[in-house]
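For reference, the structure is listed below as structure tokens.
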Amino acid sequence: MNILKLLDKLSDDKFFTTEATRLETLTSISTFGKKAAVASVPLGLGALMSTPAKAETTTSSNATFFKSALTDALQLALVLEYLENEYYAMGLAAGTLIPNSDRPVFMQISKHESAHVTFLKNTLTSLGVTPGPKPNFDFTAGGNFTPFTDYNQFLTLAQAFEDTGVRAYKGQAGNVMSNKVVLQAALQIHSVEARHASQVRRMRANKGWIELANGGNMPPATNPVYAGEDNTNQAGFNTANAFGAAAGSAAYDEILSGSDAQAIASLFIA
């Protein structure tokens with residue numbers, strides 16, 4: 001299957017409901033926080049520790065720089081997808097935790113996350129880079145949460161993970177622009193993650209979008225997920241003047257830098 005045909009399949013939601021093993025390797029394509037916890041992520045994410053990649057003109061190896069930024073972005077995305085994939089798998093396996101009425105939603109989301117993991121691993125391999133190993137996750141965050149015995153907490157963390165993923169994918173757009181095929185695929189995954197986030201938010205009786213820096217009935221521990229979402233200045237235009245602060249901030253979702261996304265994920269890595 002060539003790349004264009006694969007991307008056509010990726011744009012069809014039915015593709016993500018099938019077994020992840022149907023993904024084929026891309027062969028023709030050439031990146032809550034305790035700062036101490038960041039070091040526990042088993043990745044070399046140097047290019048991501050500051051917000052989006054900038055073109056370097058002072059080095060003769062720009063191609064190497066851009067490839068590193070690209071693959072580091074993919075490795076970060078892989079960690080986030082590993083986290084979501086394992087979280088939903090464990091939730092679905094936790095007996096009667098998820099009500100029967102909600103199980104179809106999380107079964108579908110789980111299939112999506114599994115497909116995303118496989119896609120990112122295959123893409124990294126096709127770029128000549130070994131995908132990072134799946135970390136050992138602790139979804140209790142050191143005993144602070146009990147998501148697999150308390151359904152409300154399960155939904156709370158699901159929302160936090162999905163909202164993190166949506167912002168993190170946007171934050172890496174500059175790092176994947178050097179490869180248009182990967183950029184298109186990343187945008188396709190990003191939109192699916194945004195649909196997940198909206199669905200889970202509504203299951204918690206929240207709005208599908210984020211207003212100001214308020215996640216919507218979320219514990220203080222999740223504040224880093226929503227930090228900066230109260231921004232109302234976009235390209236020199238203060239949206240609050242035209243629409244009010246809440247509506248103005250909600251009209252533009254903000255990014256997470258690689259270091260911020262990494263720090264949030266690290267809280268749940270043993």
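Counting non-hydrogen atoms of neighbouring residues, nucleotides and ligands closer than 6.0 angstrom, the CE atom of Met177 reaches no more than 12 such neighbours. Remark: Asn241 CG is packed, more than 12 non-hydrogen atoms of other residues, nucleotides or ligands lying under 6.0 Å away. No more than 12 heavy atoms of other residues, nucleotides or ligands shown are found within 6.0 angstrom of OH on Tyr252.
For the atom pair Asn238 CG and Asn233 CG, the distance stands at 4.5 Å (nearest 0.5 Å). Separating the CD atom in Glu211 from the CG atom in Asp230 is a distance of 12.0 Å, to the nearest 0.5 Å. Annotation: the span from Phe139 atom CZ to Met90 atom CE amounts to 6.5 Å, rounded to 0.5 Å. Separation of atoms CG (Leu97) and OH (Tyr151) is listed at 7.5 Å; rounding is to 0.5 Å. Taken to the nearest 0.5 Å, the CZ atom of Arg167 stands 7.5 Å off from the CD1 atom of Ile264. Rounded to the nearest 0.5 angstrom, Gln199 CD and Met203 CE are separated by 6.0 Å.
Scanning all heavy atoms of the two residues, the minimum distance from Ala245 to Leu212 falls at O-CD2, 3.6 Å. The shortest heavy-atom contact between Phe237 and Ala242 is CZ-CB, 3.9 Å. Minimum heavy-atom separation, Tyr82 to Pro135: CD1-CD, 3.8 Å. Listed here is the closest heavy atom pair of Gly248 and Thr232: C-CG2, 4.4 Å. In plain terms, the two heavy atoms of Ala168 and Ala261 that are nearest each other are CB-CB, 3.8 Å. Across all their heavy atoms, Leu80 and Ala265 have their closest contact at CD2-CB, 3.9 Å.
Put simply, the side chain of Ser249 never gets that close to the backbone of Asn231: no donor and acceptor are under 3.5 Å apart. With Asn223 contributing its side chain and Pro220 its backbone, the two residues share a donor-acceptor pair below 3.5 Å. Between the side chain of Asn144 and the backbone N or O of Ala141 there is at least one donor-acceptor pair closer than 3.5 Å. Using modelled atom types, one side-chain atom of Asp150 and one backbone atom of Gln153 make a donor-acceptor pair closer than 3.5 Å. Side chain of Arg204 to main chain of Gly216: a donor-acceptor pair is present (N/O by atom type, distance under 3.5 Å, no hydrogens or angles). The closest donor-acceptor contact from the side chain of Ser266 to the backbone of Gln262 lies under 3.5 Å. In this structure, the side chain of Ser126 engages the main chain of Thr123 through a donor-acceptor pair within 3.5 Å.
Here salt bridge (charged side-chain N to carboxylate O under 4.0 Å, His left out) pairs that include residues 261-270, with residues two or more places apart or in two chains, number zero. Judged as a side chain to side chain donor-acceptor pair (under 3.5 Å), the pairs with a partner in residues 85-98 (not counting sequence neighbours) are, in order, Glu86-Lys134, Tyr88-Glu162.
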Task: Criterion side-chain contact (heavy atoms from CB on, under 4.5 Å) on Thr130 and Leu124, from CA distance to verdict - done: CA-CA 6 Å; Thr130 301; Leu124 283 161; over 6 Å; no
- [ ] For the pair Val129 and Gln75, evaluate side-chain contact (heavy atoms from CB on, under 4.5 Å) and give the outcome as yes or no after the intermediate values.
- [x] CA-CA 10 Å; Val129 175; Gln75 295 280 31; 3.7 Å; yes
TODO: Might you work through the side-chain contact (heavy atoms from CB on, under 4.5 Å) test for Thr164 and Leu256, ending with a clear yes or no?
DONE: CA-CA 8 Å; Thr164 296; Leu256 276 179; 4.0 Å; yes
- [ ] Start with the C-alpha distance between Leu155 and Phe106, add both sets of side-chain angles, then the distance that settles side-chain contact (heavy atoms from CB on, under 4.5 Å), and finish with yes or no.
- [x] CA-CA 10 Å; Leu155 288 174; Phe106 289 108; 3.6 Å; yes
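Using cut-offs of 30° and 60° for the angle between ring planes, the His116 and His196 rings count as parallel.
For the residue pair Asn175/Gln172, the side-chain donor-acceptor check at 3.5 Å is satisfied. For the 3.5 Å distance criterion, the side chains of Ser257 and Asp260 qualify, holding a donor opposite an acceptor. Under the 3.5 Å distance criterion, with hydrogens and angles disregarded, a donor-acceptor pair is assigned to the side chains of Glu254 and Gln234.
Side-chain contact between Phe154 and Gln159 is absent, with no heavy atoms from C-beta onward closer than 4.5 Å. Looking at heavy atoms from C-beta onward, Val166 lies in side-chain contact with Asp253 at the 4.5 angstrom threshold. Lys121 is listed as a side-chain neighbour of Val117, based on a closest heavy-atom distance under 4.5 Å. Within the 4.5 Å cutoff, no side-chain heavy atoms of His112 are placed close to those of Glu84. Considering only heavy atoms from C-beta on, Arg195 stays 4.5 Å or farther from His190 through its side chain. Side-chain contact check for Glu81 versus Ile189: some heavy-atom pair is nearer than 4.5 Å.
Tracing side-chain contacts under 4.5 Å through hydrophobic residues (I, L, V, M, F, W, Y), one reaches Leu120 starting from Leu187; they form part of the same cluster. Side-chain heavy atoms closer than 4.5 Å link hydrophobic residues (I, L, V, M, F, W, Y) into clusters, and following such links, possibly through other members, connects Phe137 to Leu157.
In this structure, Phe268 has its ring center under 6.0 Å from that of Phe161.
Of the residues Asn206, Asp163, Asn217, the one that meets the side-chain hydrogen bond (donor to acceptor under 3.5 Å, both in side chains) test with Arg201 is Asp163.
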